Amino acid sequence: MELGGRMKKYWLPWLVGMPGETATAICSMTFGGVFERFPKLKVCFAHGGGAFPFTIGRIEHGFNVRPDLCAVENKVNPRKYVGQFYTDSLVHDEKALKYLVDVIGRDRVVLGSDYPFPLGEHHPGKLIESVEDFDDELKDKLLAANVLQFLGLDRQKYDPKLNGTRKTKALPFSADAEPLPKKTRAE
């Protein structure tokens, strides 16, 4: 990530650099054919996919009008991969979150916190919970179900409402979760 020159001021590497870097990573993986070569690969991109969800139209247009530059290693339209990878939800804006879910898919966005960094949500999940247009099923997907599916975990082992216990197995972002032991936090 560029830290010098015009990016030295205003905390720009973190405000616009990281979203740009995330979009660059997604484009590199799609144009490079990574998802074609490894169709079962599960990837989750930070920063709500960065600029990618908001520039997929431009990216696809570039792929179509300049295949000599974009389709060099992979002839598949990059839009095909939307919905095949995950992003976190860390966009800090209700409209952006709604758009992210619409573009990436309601089954492919997971709770993001950016903990312990200052750009993280101070109360992880608060934005998701506050979106009145999201029904309870979607909120549950974004807060827990999607990440459990991504990780291949059985929800019954981690949700105290389903397993009848109230041990530290509750998801760390669950409202009724007990604090994790200190050694787990450092891992």
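Please read all numbers here as calculations on a predicted model, not as lab measurements.
A salt bridge links Glu36 with Lys80; the closest basic N to acidic carboxylate O contact falls under 4.0 Å.
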Let's go through Asn77 and Asn64 carefully: what are the C-alpha distance in whole Å and the side-chain angles of both, what is the deciding distance for side chain to side chain contact (heavy atoms under 4.5 Å, CB included) to 0.1 Å, and is it a yes or a no?
CA-CA 8 Å; Asn77 187 314; Asn64 289 329; 4.0 Å; yes
Audit row: Phe85, Ile104, side chain to side chain contact (heavy atoms under 4.5 Å, CB included) steps and yes/no:
CA-CA 8 Å; Phe85 54 81; Ile104 298 300; 4.0 Å; yes
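Between Asn74 and Phe35, every side-chain heavy-atom pair lies at or beyond the 4.5 Å cut-off. Val147 places none of its side-chain heavy atoms less than 4.5 Å from the side chain of Leu111. Within the 4.5 Å cutoff, the side chain of Leu90 has heavy atoms near those of the Glu121 side chain. Put simply, the side chain of Glu2 does not reach to within 4.5 Å of the side chain of Leu12, judged on heavy atoms. Contact of the Val82 side chain with the Glu60 side chain is not registered, since no non-hydrogen atoms from C-beta on lie closer than 4.5 Å.
Of the inter-residue distances, the one linking Leu148 atom CG with Asp159 atom CG reads 8.5 Å to the nearest 0.5 angstrom. The structure places CG of Leu143 at 9.0 Å from CG of Leu138, a figure rounded to the nearest 0.5 Å. Rounding to the nearest 0.5 angstrom, the gap separating the CZ atom in Arg79 from the NE2 atom in His61 is 12.5 Å.
Remark: of the listed residues Phe150, Phe45, Tyr81, Phe150 is the sole one forming a ring-ring contact (aromatic ring centres under 6.0 Å, His included) with Tyr86. Tested against Pro13 for a side-chain contact (heavy atoms from CB on, under 4.5 Å), the candidates Met7, Met18, Lys8 yield a single pass: Met7.
At distances below 3.5 Å, at least one donor-acceptor pair connects side-chain atoms of Lys139 with backbone N or O atoms of Glu129. In this structure, the side chain of Ser89 engages the main chain of Gly112 through a donor-acceptor pair within 3.5 Å. In this structure a side-chain-to-backbone donor-acceptor pair under 3.5 Å is missing from Lys141 to Glu137. Remark: the backbone N or O of Gly32 is paired with a side-chain donor or acceptor of Arg37 at under 3.5 angstrom. When atom types are taken as modelled, the side chain of Asn146 and the backbone of Val109 share a donor-acceptor pair closer than 3.5 angstrom. Using modelled atom types, no side-chain atom of Asp88 and backbone atom of Val110 make a donor-acceptor pair closer than 3.5 Å.
Other residues, nucleotides and ligands place no more than 12 heavy atoms under 6.0 Å from the CG atom of Asp136.
Using a 4.5 Å cut-off between side-chain heavy atoms of Ile, Leu, Val, Met, Phe, Trp and Tyr, with links allowed through other members, Leu69 and Phe31 fall into different hydrophobic clusters. Under a hydrophobic clustering in which Ile, Leu, Val, Met, Phe, Trp and Tyr are joined whenever their side-chain heavy atoms come within less than 4.5 Å, directly or via other members, Val72 and Ile59 fall into different clusters.
Across all their heavy atoms, Val91 and Leu97 have their closest contact at CG2-N, 3.5 Å. Annotation for Pro78 and Thr30: closest pair CB-OG1, 4.2 Å, computed over non-hydrogen atoms. The minimum heavy-atom distance between Cys70 and Phe63, with the atom names listed, is CB-CA, 3.8 Å. The two residues Pro53 and Leu100 make their nearest non-hydrogen contact at CG-CD1, 3.7 Å. Annotation for Gly83 and Arg108: closest pair O-NE, 2.9 Å, computed over non-hydrogen atoms.
Partners of Leu119 under the side-chain contact (heavy atoms from CB on, under 4.5 Å) rule, at least two apart in sequence or in another chain, are Trp11, Trp14, Leu15, Asp114. In this structure Lys98 satisfies the side-chain contact (heavy atoms from CB on, under 4.5 Å) test together with Glu94, Val131, Asp133, Phe134, sequence neighbours excluded. By the salt bridge (Lys or Arg N to Asp or Glu O under 4.0 Å) test, Asp135 pairs with Arg106, sequence neighbours left out.
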